[in-house]
Amino acid sequence: MGKTGKNIEVVRPLRGGVISDFSGATVLLSEFIRKVHQSGVLHPRIPRPLVVIGIPSGITQVERKAVVEVAKKAGARKVYLVSEAVAAAVGSFKSFSTETTCAVIDIGGGTTDIALISGGREVESISLKNAGDEMDERVIDFIKLRYSLLIGFPTAERTKMALADARPAKEVFQVVRGRDLETGLPRSVKISTFEIYEALAPSFNAIFEAAVHLFEEAPPELVSEIMQSGLMLCGGGALIRNLDVVLSENLNIKVSISDDPLTSVVRGCGKLLFDKALLKKVAYNQTTK
């Protein structure tokens, strides 16, 4: 990305947690299904598999239907849609069931999903666009305005991963290289953790405020149980340093980071594939033929 030739176009079929390119998403899913068949995981006599897809809680019915249509066109026999927050909870907790009451914040690439879960369903939930992709855009805009330096998304993501800290205490620097907007020539600058915090603070605050608001709107009995179980932080954003500490202080509850936050949602979807009873209880739609 950012280094392709004139005859190659980089396509992102998913943006903001929803499908932005129908044909691209179909090709992507078709390739995944083909690879799974070739690996021998699926029986060769079952060419049309059961598919579980995690979706943001805030998408519309039309967007949900588009996801189902893409999966069916890609070769799925049946399609189950599951909230990404619920899938993250299933993937993060060792013994998740419909009796489990918990809170989850899943900071992914396109969306941040915050949910209070009970009975296998979201009791209260909110989906924000303040997630990994928007944080990368904030880093790009910050460096562009402060240093008149243009960088690409891959560079912005690497810089964010290296320097992002929700409560920076020590100044750490990293060299960032890009194109000077005034001269058009290559140039490098040193960026510090405090500068990246300044760029990302609006995203952090939006997540904190949304989480606080969700707890304020939640039933008291639910909040009481969640105070005992705590909150689970998932997704790539969970790797941002001190984010769990600041969240815990804002919400006044224990915050834990999933053992493997990057794969929480997909591991949850995988577990649900092998637990049909739980899948039928937590899925949005019972089944789509």
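FYI, side chains are in, hydrogens and waters are out, and symmetry mates aren't considered; it's all heavy atoms of this structure.
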Should Val52 and Leu279 count as side-chain neighbours, where that means a heavy-atom distance under 4.5 Å? yes
Counting distance only, does the side-chain N/O of Lys72 pair as donor-acceptor with the main-chain N or O of Arg77 below 3.5 Å? no
Does the pair Arg167/Glu249 count as a salt bridge with the N-to-O cut at 4.0 Å? yes
For Gly120, is there any backbone N or O sitting under 3.5 Å from a side-chain donor or acceptor partner on Thr98? no
Any Phe204 side-chain heavy atom under 4.5 Å of Val246 side chain: no
Taking the basic N atoms (NZ, or NE/NH1/NH2) and the acidic carboxylate oxygens, is any pair closer than 4.0 Å for Asp136 and Arg158? no
Could you report the tightest heavy-atom contact between Ile140 and Ala156, atom names first, then the distance? CG1-CB, 3.6 Å
Would the distance check show the side chain of Arg48 and the main-chain N or O of Ala76 forming a donor-acceptor pair, the cut-off being under 3.5 Å? yes
State plainly whether the residues Arg187 and Glu182 are in salt-bridge range, i.e. N to O under 4.0 Å. no
Same cluster or not: Phe153 versus Leu150, using hydrophobic residues (I, L, V, M, F, W, Y) connected whenever any side-chain heavy atoms lie under 4.5 Å apart? no
Just verifying a value: how many Å separate Ile19 CD1 and Lys65 NZ, rounded to the nearest 0.5 Å? 13.0 Å
Any side-chain heavy-atom pair from Tyr80 and Ile53 closer than 4.5 angstrom? no
Closest heavy-atom pair, Ile33 versus Ala74, reported as atoms and distance to 0.1 Å, is CD1-O, 3.6 Å
Determine, stepwise, if the pair Lys160 / Asp165 fulfils salt bridge (charged side-chain N to carboxylate O under 4.0 Å, His left out). CA-CA 9 Å; Lys160 176 189 70 178; Asp165 193 326; over 6 Å; no
Which atom of Cys102 lies closest to which atom of Ile226, heavy atoms considered: O-CD1, 3.8 Å
Any side-chain heavy-atom pair from Val51 and Leu273 closer than 4.5 angstrom? no
Met227 with Phe208, same ILVMFWY side-chain cluster at under 4.5 Å: yes
Would Ile151 end up clustered with Phe173 when hydrophobic side chains under 4.5 Å apart are linked, directly or stepwise? no
Sidechain-backbone polar pair: Lys78 side chain, Pro49 backbone, donor-acceptor under 3.5 Å: no
Between Ser30 (side chain) and Thr26 (backbone), is there a donor-acceptor pair under 3.5 Å? yes
Could you check whether Tyr147 and Glu195, counting side-chain N and O atoms only, form a donor-acceptor pair closer than 3.5 Å? yes
Are any side-chain N or O atoms of Ser20 and backbone N or O atoms of Pro13, one a donor and one an acceptor, separated by less than 3.5 Å? yes
Do you know the tightest heavy-atom contact between Ala162 and Gln174? CB-OE1, 3.0 Å
Within a strict 4.5 Å, meaning less than it, do heavy atoms of the Leu181 and Leu149 side chains meet? no
Are the side chain of Asn242 and the backbone of Val245 linked by a donor-acceptor contact shorter than 3.5 Å? no
Is the closest side-chain heavy-atom distance between Asp113 and Val104 below 4.5 Å? no
If we count only N and O atoms by modelled type, under 3.5 Å, do the side chains of Thr193 and Glu171 hold a donor and an acceptor together? no
Would you tell me whether Ser23 and Asp21 have side-chain atoms, one donor and one acceptor, within less than 3.5 Å of each other? yes
Consider side-chain hydrogen bond (donor to acceptor under 3.5 Å, both in side chains). Of Glu225, Glu221, Gln228, which one does Thr101 pass it with? Glu225
Examine Leu222 and Ile105 and state if one hydrophobic cluster contains both, with Ile, Leu, Val, Met, Phe, Trp and Tyr joined whenever side-chain heavy atoms are less than 4.5 Å apart. yes
Arg138 and Ser203: side chain donor to acceptor below 3.5 Å: yes
Check for a donor-acceptor pair, side chain of Thr60 on one end and backbone N or O of Glu63 on the other, with a separation under 3.5 Å. yes
Close side-chain approach of Val82 and Ile55, heavy atoms under 4.5 Å: no
With rounding to the nearest 0.5 Å, note down the distance linking NZ in Lys276 to NZ in Lys281. 15.0 Å
Indicate yes or no for a side-chain donor-acceptor contact from Ser224 to the backbone of Pro220 under 3.5 Å, with no hydrogens or angles considered. no
Can you tell which of Leu233, Val255, Leu243 makes a side chain to side chain contact (heavy atoms under 4.5 Å, CB included) with Ser248? Val255
Testing the basics here: between Pro202 and Glu198, what is the closest heavy-atom pair and its distance to 0.1 Å? CD-O, 3.9 Å
When you measure from the side chain of Thr111 to the backbone N and O of Ala131, does any donor-acceptor pair fall under 3.5 Å? no
Between Ser258 and Ser264, does a side-chain hydrogen bond (donor to acceptor under 3.5 Å, both in side chains) hold up when you go through it step by step? CA-CA 7 Å; Ser258 178; Ser264 298; 3.0 Å; yes
Tell me, do Cys269 and Leu272 make a side-chain contact under 4.5 Å, heavy atoms counted? no
Answer yes if Ile107 and Leu214 sit in the same cluster of Ile, Leu, Val, Met, Phe, Trp and Tyr residues linked by side chain heavy atoms under 4.5 Å apart, and no otherwise. yes
